Amino acid sequence: MNALSLRQLNKTYPGGITALRDINLEVTPGDFYGLLGPNGAGKTTIIGVVASLVRPTTGTVEVFGHDIIKSPWDAKSNIGLVPQEFNFNQFETVGQIVTNQAGFYGIDRATARYRAEKYLRELDLWDKRNATSRSLSGGMKRRLMIARALIHEPQLLILDEPTAGVDIELRRSMWEFLRQMNERGTTIILTTHYLEEAESLCRGIGIIDGGRIVEDTNVQSLLTRLKSQSFMLDVT
Ligand code: ATP
């Protein structure tokens, strides 16, 4: 069984923009998979479809064997989502944001508190647990989104450009955290514009452009080819 299986996925938004064209993708359990591509390629739309935030025009999505339409709860409870935009209640504290999320999954309060402390400590946010989210720096908010996404300990963590706008030092510490999560068994899919990020973290990699997966490969093959072709990918 795959961690994620996309078959013949198409998405045309109302208004006529076709964002996804015949996407077929399999991500195996334990992989660290990168979706790399330029602005407007369709990365966020894929994530939206997988997280049931965007309805596909055609095609199917399975998360650990659970069809997102037929078994939405089983699919959703296996996914932790870190979206691109901050979407906190800015008056809630860091601790509240993480423990409130546990409520959506029916996690008891003691477990929620235990996990919140564990992930806030690991992400270096424990000292900020009583601060409101509006008082946090951009990098702290990114890490808070990760802590919140992990509260139900999903098997698949999906991150949409998690280090966009984050300085290089913090980016490296986030990479280290994600690497550890992957080593502990969490399958990770992230979108990125940074080839360096994909190179540092990912094994599987999909290059997406114009709504199509134009290459589904692994990082080593991609880098070898890019070097041999002196080919510059538009990933600014
Ligand atoms: P970025 O790297 O800039 O986030 P992306 O690869 O994530 O880009 P998407 O955000 O998935 O790309 O966008 C794919 C295409 O779909 C773009 O042409 C975009 O303008 C369009 N699009 C995205 N969301 C909507 C929407 N809600 N309504 C209409 N068109 C949309």
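Since the structure is predicted, the reported quantities are computational estimates derived from the model, not experimental observations. In listed order, ligands and their atoms are each counted from 1. Here, residue 1 is the first one in the sequence, and each next residue gets the next number.
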Going by the angle between their ring planes, with limits at 30° and 60°, are Tyr105 and His152 parallel, tilted or perpendicular?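 Parallel.
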
Using every non-hydrogen atom in the two residues, find where Arg55 and Lys11 come nearest and quote the distance to one decimal. O-NZ, 2.8 Å

Minimal non-hydrogen separation, Pro162 against Leu190, with atom names: CG-CD2, 4.2 Å

Arg143 NZ/CZ over Phe177 ring centroid, <6.0 Å and within 45° of normal: no

Answer yes or no: does an N/O atom from Gly42 fall short of 3.5 Å to an N/O atom of ligand 1?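 Between Gly42 and ligand 1 (N or O atoms, distance only) the closest approach is under 3.5 Å.
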
Nearest heavy atom to atom 10 (O) of ligand 1, choosing from Thr44, Val54, Asp209, belongs to Thr44

To the closest 0.5 Å, what do you measure between CD (Glu161) and OG1 (Thr192)? 6.5 Å

Let me confirm one number: the CD1-CZ distance from Ile97 to Arg148, rounded to the nearest 0.5 Å. 7.0 Å

Which ligand 1 atoms does Ala41 reach within 4.0 Å, using its non-hydrogen atoms? 5 (P), 6 (O), 12 (O)

Under 4.0 Å from any heavy atom of Ala19, which atoms of ligand 1 are there? 14 (C), 15 (C), 16 (O)

Answer with yes or no whether His193 contacts ligand 1, where contact means a heavy atom under 4.0 Å from a ligand atom. yes

Would you please determine whether Pro14 falls within less than 4.0 Å of ligand 1 on a heavy-atom basis? no

Closest protein heavy atom to atom 3 (O) of ligand 1, given as residue, atom name and distance to 0.1 Å: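 Residue, atom and distance for the closest contact: Asn39 OD1, 2.9 Å.
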
Which residue and heavy atom of the protein sit nearest atom 8 (O) of ligand 1, plus the separation: Gly40 N, 2.8 Å

